[in-house]
There are 2 protein chains.
Amino acid sequence: MLDNERYTYMASVMKAMAHPTRLFIVDELDKGPKNVGELTAMVGIDMSTISRHLSILRHAGIIAATKNNNQMIYRLLCPCVLDMYKCVLKIKEQED
Amino acid sequence: MLDNERYTYMASVMKAMAHPTRLFIVDELDKGPKNVGELTAMVGIDMSTISRHLSILRHAGIIAATKNNNQMIYRLLCPCVLDMYKCVLKIKEQED
DNA sequence: TGGCTATTTGTCCCTTTTGCCAAATACCTG
DNA sequence: CAGGTATTTGGCAAAAGGGACAAATAGCCA
């Protein structure tokens, strides 16, 4: 398979997005930066789990964090990920 | 989490893309329809595994298949998935 | 029908992912 | 320093993902 490394990298970024909770987080961060507590309250699962989701998105380079006192403020780095939604919706239309 | 079903659906489509071999297949099908044997030769792993990858992409609505004699010809349904690459590359640039 | 080619499906094994709880860490404040 | 709040990390269990091999299925041709 030609250029395997490229595909592996691309897949890793897409995998980071490919989870309902993480897509929700990305959507929320697109509206504005938020801390872990706020996101936890919105999603309604354990904060440790949210923290891990945020870590996955951060390592993929999709979001970034800044420390504010004892809080971590997360923000969306690349709003272009939201364009992926458009394509997914186009696929959905095709099926109906 | 608001509108959970929407996020679950979107995640399932993105998950279908989130694998190096499947991204490669999508890229190849973008150049033109191909049968399972051709894709297997290009990727270099077991045909049964390729077949399952194709099944995953088909169920996600990303590709479609037509039977030609005893071959299955796969084709890309929604070339817009390739636009996702652009965003991933933008993310990569940001990191360097 | 029997054999040949192309593809899919069943099964097994191993690895990764996800979620929870509890413990650790970080930072502020009295 | 002690206590409080915010977040991350370790460990564990359940579930899902990925690959190989063998067996099943489908369609063609003699």
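Chain A is the first sequence line, chain B the second, and so forth, proteins listed ahead of strands; every chain is numbered from 1.
Judged as a salt bridge (Lys or Arg N to Asp or Glu O under 4.0 Å), the pairs with a partner in residues 29-50 of chain B (not counting sequence neighbours) are, in order, B:Glu28-B:Lys31. Sorted by first then second residue, the disulfide bond (SG atoms under 2.5 Å apart) pairs that include residues 4-83 of chain A, not counting sequence neighbours, are A:Cys80-B:Cys87. Residue pairs that meet the ring pair (Phe, Tyr, Trp, His ring centres under 6.0 Å) test with at least one member in residues 27-51 of chain B, sequence neighbours left out, do not exist here. Contacts classified as disulfide bond (SG atoms under 2.5 Å apart) and involving residues 9-44 of chain A (residues at least two apart or in different chains) are not found.
Regarding contacts with the backbone of D:dG18, a side-chain N or O of B:His19 is found under 4.0 angstrom from either OP1 or OP2. The shortest distance between the side-chain N/O atoms of A:Lys67 and the OP1/OP2 oxygens of D:dT7 is not below 4.0 Å. For the pair A:Tyr74 and D:dA6, the criterion of a side-chain N or O lying under 4.0 Å from OP1 or OP2 is not met.
The main-chain N or O of B:Leu57 is never found under 3.5 Å from a side-chain atom of B:Arg22 such that the two would form a donor-acceptor pair.
Scanning both residues, A:Asn4 and B:Pro20, for their nearest heavy atoms gives OD1-CB, 4.4 Å. The two residues B:Ile62 and B:Leu76 come nearest to each other via the heavy atoms O-CD1, 3.6 Å.
By the 4.5 Å heavy-atom criterion applied to side chains, B:Val26 and A:Tyr7 are not counted as neighbours. With contacts defined as side-chain heavy-atom distances shorter than 4.5 Å, the pair B:Leu23/A:Thr8 does not qualify.
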Please tabulate, one pair per line, each protein N/O and nucleotide N/O from nucleotides 23-25 of chain D that are separated by under 3.5 Å, including the distance.
none

Please tabulate, one pair per line, each protein N/O and nucleotide N/O from nucleotides 1-5 of chain D that are separated by under 3.5 Å, including the distance.
{"from": "D:dT5", "atom 1": "O2", "to": "A:Asn70", "atom 2": "ND2", "distance (Å)": "3.1"}

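Not counting sequence neighbours, B:Ser51 has no partner by the side-chain contact (heavy atoms from CB on, under 4.5 Å) test. For A:Lys86, the salt bridge (Lys or Arg N to Asp or Glu O under 4.0 Å) test picks out A:Asp83, with sequence neighbours left out.
In this structure, the helix from C:dT1-D:dA30 to C:dG30-D:dC1 shows an angle of 10° between the axis at its start and the axis at its end, each fitted on 5 base pairs and rounded to 10°.
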Counting only pairs under 3.5 Å, give me each side-chain donor-acceptor contact of residues 65-75 of chain A, with atom names and distances, residues two or more places apart or in other chains.
{"from": "A:Thr66", "atom 1": "OG1", "to": "A:Arg75", "atom 2": "NH1", "distance (Å)": "3.3"}
{"from": "A:Gln71", "atom 1": "OE1", "to": "A:Asn35", "atom 2": "ND2", "distance (Å)": "2.8"}

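In the region residues 45-60 of chain B, proximity to DNA chain C at under 4.0 angstrom, judged on heavy atoms, holds for B:Met47, B:Ser48, B:Ser51, B:Arg52.
On the nucleic acid side, DNA chain C contacts chain A at distances under 4.0 Å to non-hydrogen atoms, with the end points of that region at C:dT17 to C:dC28.
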